[in-house]
Structures are given as structure tokens and as C-alpha cells.
Amino acid sequence: MAPKRSHFVALFFSMFAVVLFIFGNLGITIDNAPILQKVYIMQGSQTKTEQSIRYGFYSSCIFKKDETVDSCTEKSMMYTLDVDQLGKMNNVDLNANDVVKQIVENKVKGPLQAQKIMVLILPATILAFVGMIVGMMMRRMRKNNLLPTIGALASLLGCVCGAVSLAFGVIIYRTVFEELSRSMDGIMYYYGPAIYIVGVGCACEIIAFGFFIASCFARRAQHNHSYEFYERHSFSSESQAPSMHQHRY
């Protein structure tokens, strides 16, 4: 791809990242959207009760036989793992059998405190949108590199926010379900499509960052070339212009 088209490529990947991040945000958020109910970070299942919990960035839902939604937690930007939901999935009375409750509460003062960092998926989406807007505003012939610099920074920070949010979600849910599987039979967990969707979005942000940087150098090259052409053209015109006394009789 020619350097002079770098801002178009950056725009394309920024736009793609926005779409992917939006899907990641909306997963397990809209109750009446079957497609979005399949966009989750991780699913914890209990084979004995044939129930499972799918976790998104802002809420979680209990599914019966991985098909029918039974109930969902309230949507919250600072969502934390629901102990009662885990007890319901395992058909456990938390007052009589506190294994689930104890395991989760042991994590509350540690890893689960960091679960709120998952809200970084929202600024990641906003930053990707900023990069897309910058890509739309950019022109190859411009006075400075302010816009591509803003686009590069937005893309880089968007990638970091998305990656951190995703990493914390995977580590926290995996830690909890591994602890549960050691204490209770039938516990299993699976990684969900949101991991790959947000991961690809982060990769798009990195690519957009690279092309925003390339666009900075493309503008400089175009500027220097135009200046050199102007100098050569001016010198040639002056040297070839006939003097007035040569045409006087």
C-alpha cells in the first residue's frame, strides 16, 4: 500500500475496531437479542443441573441447557461476580452449604476487586471512535501532523484499554471457576466469542496506529517533493524567459 493512502487504511481499521468493540460491549447486555446473548467472555457450566452462566462486561445471565435465559443480573458498569447466581446454577442453598460463598468471598479482597477494571472496554470503544473520526477528517495535503498524531495516540490507547479489560476478565473468571471445580463436581468453564471479538478489535487498533504513523511521514514526503518541484520550475522559467530587448527592432 502506497504511503500516501495510509490514512484511508487507518480509517478502515479504526472503523472495524469500533464495530467489534461495540459488539463486545453489548454482549450479555440486551436480553431480547439472541445474537448478543452468544457474545460473552466466559461461560461457567454445571453439568449436573444443566445450567450455565454467561459473563459479559456489564452483566451475567443464567441459561438452562445453554438455550433459554432464566435470569440476568442488573446491568452495571462496575459489575462484579454474583454469588447468589453461582449458588442458583449449582442448586445450592448458600445458607446451608457455603462452599460457593466462601470461595467467592475469599476472592473478593483480591482478584475480584480488580474486576471493575473491565469497564475499560468502554473507553477503548470511545478511543477507537475518535480514531475513526480523525481518519475521516484527514487529508493527504495538510499543514501539519496534528490529526494523524491524535489518531495514533487514540488507537494505541484504545488497544491498551481493550487488552487490559479483556485480560482481567479472562483471568478473574478462570480463577474463580478453577477454585469451584476443585470443591464441587460438574463445574466446567469455556471461553466465549467476546474474547476473540475484542482481541481482533485490539489488533485492528494496532494496525491503525501503524498506518497513522506512516501517514505522518507520507505528508512530509509529499511536502518536500512539492517544494523541490516548485524550485525547479521557477528556476527553469526564469532561465528560459527571453529578455525584452531581444524582441525590439
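Everything quoted here is computed from the prediction, not taken from an experiment. All heavy atoms count here, side chains included; hydrogens, waters and symmetry mates do not. Position 1 is the first residue of the sequence, and the numbers go up from there.
In this structure, a donor-acceptor pair under 3.5 Å is present between the side chains of Tyr189 and Glu178. Side-chain contact annotation: Tyr40 with Ser60, donor-acceptor N/O pair under 3.5 Å absent. Donor-acceptor pairing under 3.5 Å is lacking for the side chains of Glu179 and Ser181.
Closest heavy-atom contact between Phe212 and Ser14: CE1-OG, 3.8 Å. The two residues Gly131 and Ala154 come nearest to each other via the heavy atoms N-CB, 4.1 Å. Contact between Ala124 and Gly162 at its shortest, heavy atoms only, is CB-N, 3.5 Å. Looking at every heavy atom in both residues, Leu11 comes nearest to Met132 through CD1-O, 3.3 Å. The shortest non-hydrogen separation linking Lys38 to Arg54 is CA-NH1, 4.0 Å. Between Tyr58 and Met77 the shortest heavy-atom distance is CD2-CA, 3.8 Å.
At least one side-chain heavy atom of Gln37 sits less than 4.5 Å from a side-chain heavy atom of Val69. Between Val198 and Ile121 there is a side-chain heavy-atom pair separated by less than 4.5 Å. Contact of the Arg174 side chain with the Tyr191 side chain is registered, since non-hydrogen atoms from C-beta on lie closer than 4.5 Å. Considering only heavy atoms from C-beta on, Ile206 stays 4.5 Å or farther from Phe13 through its side chain. Contact annotation: the side chain of Cys61 approaches that of Phe63 to within less than 4.5 Å [non-hydrogen atoms, C-beta and beyond]. Considering only heavy atoms from C-beta on, Met15 comes within 4.5 Å of Met136 through its side chain. For the pair Cys202/Phe21, a side-chain contact is recorded, criterion being any heavy-atom separation below 4.5 Å from C-beta on. At least one side-chain heavy atom of Cys161 sits under 4.5 Å from a side-chain heavy atom of Leu127.
For the atom pair OG (Ser71) and NZ (Lys64), the distance works out to 8.5 Å, reported to the nearest 0.5 Å. The OG1 atom of Thr49 lies 9.0 Å from the CD1 atom of Ile62; values are rounded to the nearest 0.5 Å. Taken to the nearest 0.5 Å, the OH atom of Tyr55 stands 12.0 Å off from the CD1 atom of Ile172. Remark: Tyr173 OH to Ile195 CD1 distance equals 11.0 Å, nearest 0.5 Å. For the atom pair CG (Leu180) and CE (Met188), the distance works out to 14.0 Å, reported to the nearest 0.5 Å. Note: Ile171 CD1 to Leu166 CG = 9.5 Å, rounded to the nearest 0.5 Å.
A side chain to side chain contact (heavy atoms under 4.5 Å, CB included) with Leu20 holds for exactly one of Thr125, Ile197, Asn25; it is Ile197.
No continuous path of hydrophobic side-chain contacts links Leu36 to Tyr190 [ILVMFWY only; heavy atoms under 4.5 Å]. No continuous path of hydrophobic side-chain contacts links Leu157 to Phe57 [ILVMFWY only; heavy atoms under 4.5 Å]. Each of Val164 and Leu153 belongs to its own hydrophobic cluster when Ile, Leu, Val, Met, Phe, Trp and Tyr are linked at side-chain heavy-atom distances under 4.5 angstrom. There is no path of hydrophobic side-chain contacts, each under 4.5 Å, that joins Ile35 to Tyr196.
Under the 3.5 Å distance criterion, the side-chain polar atoms of Ser165 are matched with a main-chain donor or acceptor of Met118. Side-chain atoms of Ser59 come within 3.5 Å of backbone N or O of Ile28 as a donor-acceptor pair. Distance alone, capped at 3.5 Å, places no donor-acceptor pair between the Gln85 side chain and the Ile53 backbone. Ser45 places no side-chain N or O within 3.5 Å of a backbone atom of Thr47 that could act as its donor or acceptor partner.
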Side chain to side chain contact (heavy atoms under 4.5 Å, CB included) between Gln46 and Ile187, worked out: CA-CA 5 Å; Gln46 173 55 267; Ile187 294 289; 3.6 Å; yes

